[in-house]
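Worksheet for the structure shown next.
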There are 2 protein chains.
Amino acid sequence: MKPVTLKQIAEQLGISVTTVSKALKDYPDVSKKTKKLVKQLAETLNYKPNSFAVTLRTKESKTIGLIIPEVVHHFFSNVIKGIIAQAEKKGYLVIILQSNESYDLEKQQIELLLSKRVDGVLISLANATGDYKHLNDLIAQEVPLVMFDKIAKIVNCSKVIINDRKAAYTATKHLIDIGCKRIAHFRGPLLPQNSIDRFLGYKQALIDHNITYDPSLVYICDCSVKSFEEGKQSANQLLKDHTNVDGIFINTDLVAIGAMTEFQKNGVRIPEDIAIVGFSNWFMSSVISPTLSTIDQPGYQMGKEAFKLLYKEMKSKKQNLPIEYKTVELETGLIKRESTKKN
Amino acid sequence: MKPVTLKQIAEQLGISVTTVSKALKDYPDVSKKTKKLVKQLAETLNYKPNSFAVTLRTKESKTIGLIIPEVVHHFFSNVIKGIIAQAEKKGYLVIILQSNESYDLEKQQIELLLSKRVDGVLISLANATGDYKHLNDLIAQEVPLVMFDKIAKIVNCSKVIINDRKAAYTATKHLIDIGCKRIAHFRGPLLPQNSIDRFLGYKQALIDHNITYDPSLVYICDCSVKSFEEGKQSANQLLKDHTNVDGIFINTDLVAIGAMTEFQKNGVRIPEDIAIVGFSNWFMSSVISPTLSTIDQPGYQMGKEAFKLLYKEMKSKKQNLPIEYKTVELETGLIKRESTKKN
DNA sequence: CTGAAAGCGCTTACAG
DNA sequence: CTGAAAGCGCTTACAG
């Protein structure tokens, strides 16, 4: 059963393809009678326009591409959900690609999307991405691009972010407020802007509260799929290196949970001996024991905002209006739980 | 900067579009010299074939649709990951749609995919889906379809599943083996095959071990996004209704974790007072306290297998070979953890 | 070895 | 109010 075409409808009705096409799209210069006949037949034959033919003519695929480092991830899956919900509202479909934190894959995937002629691209960078030629190529080809969460400041496009620095500052200050004197930091990899910013927020909070910054208290976690394991390792290493750490601000919840597991195994009490603040508010953090204090990162909303920005750009492009790049900053909040409840 | 077309390459080289097209595709009837010239120019101009024109001619979009009840979900996000990884290998792109457990949305999304002329569809049914006309329409239009995890036995297509009944039997038997005498079941909604099968497996295990099946010990959880809350509610209700329950087999981990939280709040010890087995092996289950015994459900592998089956069908269709429907059953395993560690 | 021609299914400017 | 024609960018059977 081959799909029905305009031609078939035209033939059955003894009119031209042109008229059928116009009738279905409610052009004003088609008689009511014809419109009715055409629409009825289209309905009974279950006619669906061939989207590829339409795209070829109109140059609009009504499809966008989404490149994301990791799908199995509480934060990112919320972003995905926000994006597809918003895209659906506007009649757009979303092709999802996973970069696996690899620069090479990310690059290839941009190529793929380019050749698929998507109307726009949404991306959160891989940890390994330090070169932005592939993104600038996209922009040069006038494909609307919006970056979210893991962005590159240097790339000239719209962005949706949180203020990582401020949030990290808040998290660290919370540890100071409850009386921690020697605060460590498990940071993310070196490249991504947000792990840099979180580190800087941590450092600034220490300085502002007269606590000497000690580089030996900063541990790097690659935060790949193995986050949980890395948290355990860093916790272990920290126990070997230091005896007087009483608080840790950790780059992401999954690493924090790994660390907590390891500390508990070694008889370190949380929060009595070491208080911990994570980042991202994964659902898990609210059900483990002790529950984990963390920073709430609005994934769903970020997805929605990112699509909205992209939609505006796609619309402007279609109307040949100038495109202005915007950066939307979403609010985060400190969530206090048992892992920082002293006294 | 408009995308480069074959015509432009042809004009610059002073040859025909036909020859350019053939040269790029390494047709044997084009001279080596011409091929080289064409390929070089295509490279420098960064030529990418317009996929919509290609599709319009070849009737192959190299894109498949995926409809899934929920994206923010440990099991399903693993399935997604498996699908896009496998699809990418074979040069297919994946459009993801979320049905939100709604039958109406699911139906609309099938329509959408149909009009987008995807080469195939992968689906896991919404809880609310009890009518299968939309799926049979797809099949009637000869669009390859593979169902996974949440399937309808009655629909005639390929499927990837686990043996829910057997797995539930194993889980319940484990409770019996550690000495539980009065075992409750928190089941999923009424419609989906897998919550039915898990219930049946539970019941069968009781019968086979001379434990009277008591319907008042079966609680229904809708297992929507609110799973965690439902687990809490059912746990609470159970404490009101019964005093001698010593084991529960729970339809999914998230519900189980909600239940555990509530039991602990009420001073019920796990596993001493009540032992618990969940289902699906969410990552979370390995880090909460006590760790949760559960059934391992291979999400990533299920995604891979589902795409593989779909790929075969798409290939057969292209070659006009008959399509044979297959059902692949994946292995599950019981994972014993603290929540069932008696003595 | 090369290219003119037809056609995939649609849209739209234009003529009548 | 209707329709012939051109064209989107590609592929491929056919002729030379």
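The basis for the numbers below is simple: all heavy atoms, side chains too, and nothing from hydrogens, waters or symmetry mates. Proteins come first, then strands; the chains are lettered A, B, ... in the order of their sequence lines, and each starts at number 1.
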Would you kindly give the NZ-to-C1' distance between A/Lys35 and D/dT2, to the nearest whole Å?
13 Å

Check every atom of C/dG9, C/dG3, D/dT11 against the side chain of B/Ile15 and return the nucleotide holding the closest atom.
C/dG3

Would you please confirm or rule out a distance under 4.0 Å between OP1 or OP2 of C/dT12 and any side-chain N or O of A/Lys25?
yes

d(OH, A/Tyr27; P, D/dG3) in whole Å
16 Å

Knowing that exactly one of B/Gln301, B/Lys308, B/Met147, B/Glu305 qualifies, which makes a side chain to side chain contact (heavy atoms under 4.5 Å, CB included) with B/Val160?
B/Glu305

What is the separation between atom CG on B/Asp26 and atom C1' on D/dT12, rounded to the nearest whole Å?
16 Å

Across the strands shown, which category fits B/Ser31 at heavy-atom distances under 4.0 angstrom: base, sugar-phosphate, nothing?
sugar-phosphate

Would you indicate, yes or no, if D/dC10 has its OP1 or OP2 atom less than 4.0 angstrom from a side-chain nitrogen or oxygen of B/Tyr47?
yes

Between B/Ser16 and C/dG3, is there a side-chain N or O to OP1/OP2 distance below 4.0 Å?
yes

Complementary nucleotide of C/dA13, counting Watson-Crick and G-U pairs under 3.5 Å:
none

Need one value for A/Phe52: base, sugar-phosphate or nothing, where a base atom within 4.0 Å counts as base even if backbone is also close, heavy atoms only.
nothing

Pairing check on D/dA4: which nucleotide meets the Watson-Crick or G-U wobble criteria with it, both distances under 3.5 Å?
none

Scan B/Lys22 against the nucleic acid and name what it touches under 4.0 Å (heavy atoms): base, sugar-phosphate only, or nothing.
base

Taking only the side-chain nitrogens and oxygens of B/Thr19, find out if one of them lies under 4.0 Å from OP1 or OP2 of C/dG3.
yes

For A/Asp131 and A/Lys133, indicate whether the former's side chain and the latter's backbone hold a donor-acceptor pair under 3.5 Å.
yes

Rounded to the Å, how far apart are B/Arg57 CZ and C/dG7 P?
10 Å

Should B/Glu101 and B/Lys150 count as an ion pair when the cut-off is N to O under 4.0 Å?
yes

Return the value, rounded to whole Å, for the distance between atom CD of B/Glu11 and atom P of D/dC10.
12 Å

Under 4.0 Å: is that the gap between some side-chain N or O of B/Thr18 and OP1 or OP2 of C/dA4?
no

Quick one: does any side-chain atom of B/Glu70 pair with a main-chain N or O of B/Val72 as donor and acceptor, under 3.5 Å?
yes

Walking DNA chain C from its 5' end, the first of A/Asp29 and B/Lys32 to be reached, judged by nearest nucleotide, is B/Lys32

Atom CD of B/Glu60 to atom P of C/dC8: distance rounded to whole Å?
18 Å

Measure the acute angle between the ring planes of A/His73 and A/Phe76, then classify it against the limits of 30° and 60° as parallel, tilted or perpendicular.
tilted

Atom-to-atom span, CG of A/Leu6 to P of C/dC8 - whole angstrom
13 Å

Mind calculating the distance between NZ (A/Lys7) and P (D/dA4) to the nearest angstrom?
13 Å

Closest to the B/Leu56 side chain: D/dT11, C/dT11, C/dC8?
C/dC8

Which part of the nucleic acid does B/Thr34 contact within heavy-atom distance under 4.0 Å: base, sugar-phosphate only, or nothing?
sugar-phosphate

Roughly how far, to the nearest 0.5 Å, is NZ of B/Lys159 from CG of B/Asp149?
13.5 Å

